[in-house]
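Okay, so here's the structure we're looking at.
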Amino acid sequence: MTPLFYSFRRCPYAMRARLAIACSQQHVTLREIILKDKPNEMLQLSSKGTVPVLQLSDGDVLDESLDIMVWALSRNDPDQWLAGNIHKMIALIDKNDFEFKGWLDKYKYADRFPENSESYYREQCEDFLVQLEQRLLINDYLFSDNIRLADIAIFPFIRQFSAVDKQWFEQSPYPHLQHWLNSLVNSKLFHSVMQKYPIWLTSQQAQDFP
Ligand SMILES: N[C@@H](CCC(=O)N[C@@H](CS)C(=O)NCC(=O)O)C(=O)O
């Protein structure tokens, strides 16, 4: 059986998983979902109800985006995204997932968290932006002059951050980060994983991916 992959186009975790699957050319069957109407078939595989979810040919289930990335790249890593110090990369990705992401959600939905202002939440996000900018002063990408796992895992979240207030981001003191984000967002690979698919639950149409 071809691995079965549940995805949601706009989810940054699903984006990073799609990017790794596409780069590694692992063939999966993609079922597009929407978060407010999750298929029971997906919830039976993973009751926590988050995307992405990947069911492997042997029946095993991966329901963490990073595990899906590493699974795909361990099978085929043509651009050496796993090269370098994987532990340091995972540590930075964890900062993204467990610190930055929380502030990003508050910045995005500041009206739902009226105890602080939007600019307060943005300032909290900036701690992470500063760390990325410092890395990008040294190399073109976060860990080297080439794209690595950490770049792919993190940029979908910085893209979300930049979209909250585009004008602010464009004039912010993070020129290397802006350049890095642009190069990843404008890449062929990113465009290829942002194609729109019909929702599987209503259309019953799954897609060959990539
Ligand atoms: N730690 C998970 C997080 C995945 C996650 O939170 N995905 C969001 C969508 S971006 C989700 O499915 N949320 C469930 C919901 O909103 O119902 C991973 O890395 O895969």
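What you see below is based on every heavy atom in this structure, not just the backbone, and it leaves out hydrogens, waters and symmetry mates. Counting starts at 1 for both ligands and their atoms, in listed order.
- Near ligand 1, residues Cys11, Pro12, Tyr13, Leu35, Lys38, Gly49, Thr50, Val51, Pro52, Asp63, Glu64, Ser65 each place a heavy atom inside the 4.0 Å sphere around the ligand atoms.
- Among residue pairs with one or both ends in residues 33-90, none qualify as ring-ring contact (aromatic ring centres under 6.0 Å, His included); sequence neighbours excluded.
- Residues Phe161 and Tyr107 place their aromatic rings such that the two centres sit under 6.0 Å apart.
- The existence of a salt bridge linking Arg16 and Asp97 is confirmed by a sub-4.0 Å separation between a basic side-chain nitrogen and an acidic carboxylate oxygen.
- Within the 3.5 Å criterion, the main-chain N or O of Tyr6 finds no donor-acceptor partner in the side chain of Arg31.
- Judged purely by distance below 3.5 Å, without hydrogens or angles, the side chains of Glu126 and Tyr174 pair a donor atom with an acceptor atom.
- Met42 contributes atom CE, which lies 9.0 Å from atom NZ of Lys48 (distance to the nearest 0.5 angstrom).
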